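None of the values given here were measured: they were computed from a predicted structure.
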Amino acid sequence: MPKITLEFTEEEMRDLAEVGAMTLTMLGQAMPESRNPRVDAWHRLMVGILKAARSVPGIAKDMELNPDCGYWFFKHAYVDRAFYSDLMDESRDAIFWEELVTRMATQCLAETVGQETMERMAPEERAARTSSMEKALWNEVTRHGIDRLFFMLPPQES
């Protein structure tokens, strides 16, 4: 397969290296033991991008050979202030709140109509029945987080 050459400014190469670091971080969190050939291909590509970034003196000062993973990666001090870290934090937060709201609305529906009845519902009907609860929960957690949510545990669990 023929090789393709790309040209980047130093800032573009830094951004590309951060995209590579973010991808490697996500692969490590989401698919740490994967035997998927696509995961392996993406991993090799991202490691190659970070290795190429290491050859740029302005970027190299922020990188080190990471003993935990065995390839060039950004130093911890850089990762702490990197844009991709902020992006990953925001993504984790968004996923957490979305999952919390969805699960709470689903749990409420299951308690109202029964688990078996809910499981027999078509996905469209389930979504229609939970949408107003999700909106109310989004409103609550957007304004107050979990501060005003009340959890009742059965006596044997409290």
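- Around the CH2 atom of Trp42, the shell of radius 6.0 Å holds no more than 12 heavy atoms that belong to other residues, nucleotides or ligands.
- At least one side-chain heavy atom of Arg126 sits less than 4.5 Å from a side-chain heavy atom of Leu109.
- A donor-acceptor pair is defined here as one N or O able to donate and one able to accept, closer than 3.5 Å; such a pair exists between the side chain of Lys75 and the backbone of Lys61.
- To the nearest 0.5 Å, atom CG of residue Leu100 and atom CE of residue Met104 are 5.5 Å apart.
- Met1 and Leu45 fall into different hydrophobic clusters, where Ile, Leu, Val, Met, Phe, Trp and Tyr side chains are chained together by heavy-atom contacts under 4.5 Å.
- Under the 4.5 Å side-chain heavy-atom criterion for ILVMFWY residues, no single connected hydrophobic cluster contains both Leu27 and Phe74.
- Within the model, atoms CD of Glu7 and CD of Glu12 stand 10.5 Å from one another, a figure rounded to the nearest 0.5 Å.
- Criterion: ILVMFWY side-chain heavy atoms under 4.5 Å apart, direct or through other members. Under it, Val19 and Met88 are not part of a common hydrophobic cluster.
- Distance CE/Met31 to CG/Asn36: 6.0 Å, rounded to 0.5 Å.
- A salt bridge is defined here as a Lys NZ or Arg NE, NH1 or NH2 lying under 4.0 Å from an Asp or Glu carboxylate O, and Glu18 with Arg14 fails to meet this definition.
- Sparse packing is recorded around CE of Met133, with 12 or fewer heavy atoms of other residues, nucleotides or ligands lying under 6.0 Å away.
- One finds no salt bridge joining Glu116 and Arg120 here, because no Lys/Arg side-chain nitrogen approaches an Asp/Glu carboxylate oxygen to under 4.0 Å.
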Exercise. Verify side-chain contact (heavy atoms from CB on, under 4.5 Å) between Met46 and Met26, making sure each step is shown before the conclusion.
Key: CA-CA 11 Å; Met46 296 306 114; Met26 291 177 72; over 6 Å; no
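- Neither Ile95 nor Tyr84 shares a network with the other; the hydrophobic side chains, linked directly or stepwise wherever heavy atoms of I, L, V, M, F, W or Y lie under 4.5 Å apart, form separate groups for each.
- With rounding to the nearest 0.5 angstrom, the CG atom of Leu65 is 11.5 Å from the CG atom of Leu50.
- A side-chain donor-acceptor contact under 3.5 Å links Ser85 to the backbone of Val79.
- Counting only heavy atoms from C-beta outward, the side chains of Asp15 and Phe83 never approach each other to under 4.5 Å.
- Remark: side-chain polar atoms of Ser55 are paired, donor with acceptor, to backbone N or O of Ala52 under 3.5 angstrom.
- The main-chain N or O of Cys108 is never found under 3.5 Å from a side-chain atom of Glu111 such that the two would form a donor-acceptor pair.
- Across all their heavy atoms, Val101 and Val141 have their closest contact at CG2-CG2, 3.9 Å.
- The number of heavy-atom neighbours closer than 6.0 Å to NE2 of His144, taken from other residues, nucleotides and ligands shown, is above 12.
- Tracing side-chain contacts under 4.5 Å through hydrophobic residues (I, L, V, M, F, W, Y), one never reaches Val113 starting from Leu137; they form parts of separate clusters.
- For Arg103, the CZ atom counts as loosely surrounded, since its 6.0 Å shell holds 12 or fewer non-hydrogen atoms of other residues, nucleotides or ligands.
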